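Notes to accompany the following structure.
Everything quoted here is computed from the prediction, not taken from an experiment.
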Amino acid sequence: MSTLAVALTGNPNVGKSTIFNELTGARQKIGNWPGVTVDKKVGYTRHKDRAISIVDLPGTYSINARSPEEKIVIDYLMNTKLDLVVDVVDSSNLERNLFLTIQLLEQGIPLLIDLNMQDDAERRGIKVDCRKMEDALGMPVVETVGRSSKSTKKLLDVFTTTVMANYQPSDRVKAHIAKVEEIKASSKSEEQKNEEIIEARYALIDTVVADAVTASNVGASTSEKMDKFLANGILALPIFLAIMYAVFNITFEWIGQPIADALDAAINEDFLDFAKESLEAAGVADWMVSLVCDGVIAGVGAVLTFVPLIFVLFFCLSFLDGTGYMARIAFIMDPIMRRCGLTGKGVMPLMMGFGCAVPAVMGARALDSEKDRMVSIMVTPFLTCGAKLPIMALFAAMFFPDNAANVVFAMYIIGVIMAIVAAKILGSSVFKDGGSTFLLELPPYRMPDMKTVLLETWDKGKGYLVKAGTIIFAASVLLWVMSNYNFDGPCEINESILATLGNWMSTLFVFHGFATWEAGAALLSGIMAKETVVATIGILYGADEVSTEAEDAVETADTLLETGMATSFTALSAFAFMIFSQLYTPCVTALGTIKKEAGGWKWMGFSAVYMFAIAWVVSLLVYQIGSLLGF
């Protein structure tokens with residue numbers, strides 16, 4: 001028996017993905033639709049010995065083909081042979097949801113209409129008569145509560161027993177379609193035609209709702225009461241900042257970081273020592289021991305230690321999204337973000353950028369327009385992530401001991417200002433053609449479905465492991481070779497290819513005040529991982545045992561002051577170096593993520609080059625103007 005092909009469609013926030021996850025569980029394949037970075041989710045299940053393939057189409061309010069999601073939905077439904085198209089509808093908001101339903105029926109697409117969120121509808125005093133709706137539309141209608149596994153599993157019985165050939169649009173739907181065709185054939189302007197078609201659709205919806213829905217007044221809903229507190233003009237922003245503070249503490253202090261520290265110790269201490277001892281005991285050549293331990297394990301281990309942070313952060317954000325609060329954040333921040341050239345939804349990726357650029361870049365996929373998504377991806381790495389902080393803290397402690405906190409804070413401000421300026425410029429030049437719209441729905445507050453939250457967390461985190469991990473592996477091997485070899489063979493690091501490249505790179509900074517090969521080599525290593533800048537500086541200046549943690553900056557500074565580093569920088573050149581480190585090319589992990597999210601090498605290369613150029617110019621201006629002013 002052939003596989004039953006099913007597609008789920010519907011508006012955003014109708015519980016479609018929850019139903020998909022309940023039906024398929026972990027039996028999912030996540031990819032991208034051709035030519036775009038919109039997620040393509042395909043799941044598989046079996047019911048009564050029948051294999052079922054289910055596609056979760058992107059949520060969309062219409063099929064006007066104005067956005068990538070709308071184009072995907074209509075192209076897929078019109079050009080793919082399907083046994084069932086399931087239109088998932090929010091029972092508590094039929095007037096809006098049925099607009100897409102009517103559009104699909106106009107295209108001749110038979111639908112199984114799933115009245116989901118029945119529990120929300122009942123709480124709001126809304127009762128839908130399925131039989132009357134079937135008669136009104138001529139299509140089969142079922143009821144579900146998406147978060148109820150028992151309710152959702154009943155859909156499988158419907159899938160395997162419903163024969164869509166037995167259903168035809170009702171007389172009123174046929175009359176509506178004829179009216180729409182008549183309007184399209186008229187000599188009126190396109191604008192007039194569109195207005196009349198929209199009016200006709202809502203007129204049909206009104207008759208369907210009048211026949212099939214009864215509503216009783218139950219007063220203000222729980223969500224409306226909560227919004228008076230969480231989304232009012234005075235308390236909304238402080239509450240948002242408090243929630244974000246809690247998310248960052250959960251990720252980088254209370255839960256994520258302790259797990260990351262434990263994983264770091266397990267990989268870079270226990271496993272590294274075990275691997276080194278095992279290889280040496282087996283008589284493996286020293287160069288191979290160094291490659292495996294200092295190159296592969298140390299490099300890949302540095303990436304793996306970020307995994308707990310990535311997963312914890314995405315769990316928190318998926319949980320908040322499931323509650324309905326993320327939509328309120330976008331609403332609260334939209335007026336502010338508009339001034340930066342983005343919409344309200346752009347605030348979350350930027351906030352994540354203060355923790356790590358990788359999840360921040362990945363988070364941009366939540367933005368509606370291609371323009372907003374690309375601008376967010378391109379400007380987020382300017383922000384001060386956790387990996388840049390040790391660099392700032394070290395140089396501030398060494399060269400500005402009396403004002404270290406203020407100098408580090410200034411780096412944060414410079415990063416924010418640069419991100420805003422770049423967003424404005426990119427939004428009006430490079431990505432000018434991608435129109436930015438802001439359509440926002442405030443879904444009701446609800447307890448998130450934990451299965452959906454966990455699956456979303458895994459889907460997002462898995463991409464980091466697979467894509468970024470492979471790039472870091474190659475970069476780790478390359479950096480090890482560059483650090484331990486020159487063209488004559490094995491050598492000390494100060495005679496290595498890395499030192500030679502650092503010397504070449506230092507020529508770029510003749511007018512910046514830090515034209516030394518050590519500075520050039522440290523900045524090159526920072527492209528692999530920003531954390532390595534401090535470690536590389538320590539090695540190059542003869543202080544191998546230095547901490548790369550920001551909280552140890554004062555101790556590290558005291559150690560490095562006893563080396564030649566104190567004479568290699570002045571306070572002004574150190575400040576210029578800090579600015580360059582703040583703004584220049586992202587690490588390879590972030591670059592790999594940009595390649596994946598932006599859709600190719602072109603944008604990865606653009607990001608690397610334009611950020612390096614901006615950092616070079618800003619650092620040069622700071623040093624030269626500072627010199628003219630006598631600093």
message: Under the criterion side chain to side chain contact (heavy atoms under 4.5 Å, CB included), I'd like the reasoning laid out for Val14 against Val89: C-alpha separation, chi angles, the key distance, then a yes or no.
response: CA-CA 6 Å; Val14 296; Val89 172; over 6 Å; no
- request: With side chain to side chain donor-acceptor pair (under 3.5 Å) as the test, would you mind laying out the steps for Asp114 and Thr144 before giving the verdict?
  value: CA-CA 7 Å; Asp114 176 14; Thr144 57; 2.7 Å; yes
- request: Report the C-alpha separation of Ser92 and Gln118 in whole Å, then their side-chain angles, then the decisive distance to 0.1 Å, and conclude whether the side chain to side chain contact (heavy atoms under 4.5 Å, CB included) test is met.
  value: CA-CA 7 Å; Ser92 65; Gln118 282 291 312; over 6 Å; no
message: One pair to check against side chain to side chain donor-acceptor pair (under 3.5 Å): Thr384 and Gln582. What are the steps and the verdict?
response: CA-CA 7 Å; Thr384 307; Gln582 170 68 38; 2.9 Å; yes
message: Using side chain to side chain contact (heavy atoms under 4.5 Å, CB included), reason through Tyr584 and Lys530 one step at a time and then give a plain yes or no.
response: CA-CA 10 Å; Tyr584 84 119; Lys530 292 292 184 275; 3.7 Å; yes
query: Could you walk me through whether Val375 and Leu342 pass the side chain to side chain contact (heavy atoms under 4.5 Å, CB included) check?
result: CA-CA 8 Å; Val375 169; Leu342 295 168; 3.8 Å; yes
message: Is there a side chain to side chain donor-acceptor pair (under 3.5 Å) between Thr60 and Glu69? Walk through the geometry before answering.
response: CA-CA 6 Å; Thr60 179; Glu69 290 82 3; over 6 Å; no
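Between Met326 and Leu320, the shortest heavy-atom contact is CG-C, 3.6 Å. The two residues Glu22 and Asp449 come nearest to each other via the heavy atoms OE2-OD1, 3.7 Å. A pairwise comparison of heavy atoms in Cys316 and Ile250 identifies SG-CG2, 3.8 Å as the closest pair. Nearest heavy-atom pair across Gly15 and Asn116 is CA-ND2, 3.6 Å. Looking at every heavy atom in both residues, His47 comes nearest to Asp157 through NE2-OD1, 2.6 Å. Summarising the geometry of Ile297 relative to Ala275, their closest heavy-atom pair is CD1-CB, 3.6 Å, with the distance given to 0.1 Å.
Within the model, atoms OH of Tyr245 and CG of Leu241 stand 12.0 Å from one another, a figure rounded to the nearest 0.5 Å. Distance check, rounded to the nearest 0.5 Å: CG of Leu100 to CG of Asp87 gives 5.5 Å. Between Asn21 atom CG and Lys451 atom NZ the span is 7.5 Å, to the nearest 0.5 Å. How far CG of Asp334 is from CD1 of Ile329: 13.5 Å, rounded to the nearest 0.5 Å. Thr380 contributes atom OG1, which lies 13.0 Å from atom CE of Met362 (distance to the nearest 0.5 angstrom). The OG atom of Ser53 sits 9.0 Å away from atom CG of Leu4, with the distance rounded to the nearest 0.5 Å.
In this structure a side-chain-to-backbone donor-acceptor pair under 3.5 Å is missing from Thr452 to Pro448. The closest donor-acceptor contact from the side chain of Ser223 to the backbone of Tyr445 lies under 3.5 Å. Judged by distance alone, with hydrogens and angles left aside, the side-chain atoms of Ser151 form a donor-acceptor pair with the main-chain N or O of Val145 at under 3.5 Å. For Asn97 (side chain) and Asn93 (main-chain N/O), a donor-acceptor pair under 3.5 Å exists by modelled atom type. Between the side chain of Thr24 and the main chain of Gly43, no donor-acceptor pair closer than 3.5 Å is present. A donor-acceptor pair under 3.5 Å is formed between the side chain of Lys424 and the backbone N or O of Arg339.
Using a 4.5 Å cut-off on side-chain heavy atoms (C-beta onward), Leu112 and Val142 make contact. In this structure, Leu156 and Leu23 have side chains that are in contact, with non-hydrogen atoms separated by less than 4.5 Å.
Within the structure, the salt bridge (Lys or Arg N to Asp or Glu O under 4.0 Å) test picks out the following pairs touching residues 226-235 (sequence neighbours left out): Asp227-Arg328.
Arg123 and Asp120 are joined by a salt bridge, as a carboxylate oxygen and a charged side-chain nitrogen come within less than 4.0 angstrom of each other. Comment: Asp56 engages Lys16 in a salt bridge, judged by a side-chain N to carboxylate O separation of less than 4.0 angstrom.
Under 3.5 Å, the side chains of Asp372 and Thr343 contain a donor-acceptor pair of N or O atoms. With no hydrogens or angles considered, a side-chain donor-acceptor pair links Glu70 and Ser62 at under 3.5 Å.
Atom CD1 of Ile234 is surrounded by 12 or fewer heavy atoms from other residues, nucleotides or ligands within 6.0 Å. For Lys154, the NZ atom sits in a loose shell: 12 or fewer heavy atoms of surrounding residues, nucleotides or ligands are nearer than 6.0 Å.
Contacts of Tyr325 classified as ring pair (Phe, Tyr, Trp, His ring centres under 6.0 Å), with partners at least two apart in sequence or in another chain: none.
Just one of Ile54, Leu82, Thr45 meets the side chain to side chain contact (heavy atoms under 4.5 Å, CB included) condition when paired with Val6; it is Ile54.
A cation-pi arrangement is not found for Lys595 relative to Trp603, the charged atom failing to lie both closer than 6.0 Å to the ring centre and inside a 45° cone about the ring normal. Cation-pi geometry between Lys345 and Phe331 is not satisfied (NZ or CZ under 6.0 Å from the ring centre, within 45° of the ring normal).
Taking the six-membered ring for Trp and thresholds of 30 and 60 degrees, Tyr610 and Phe382 have ring planes more than 60 degrees apart, a perpendicular arrangement.
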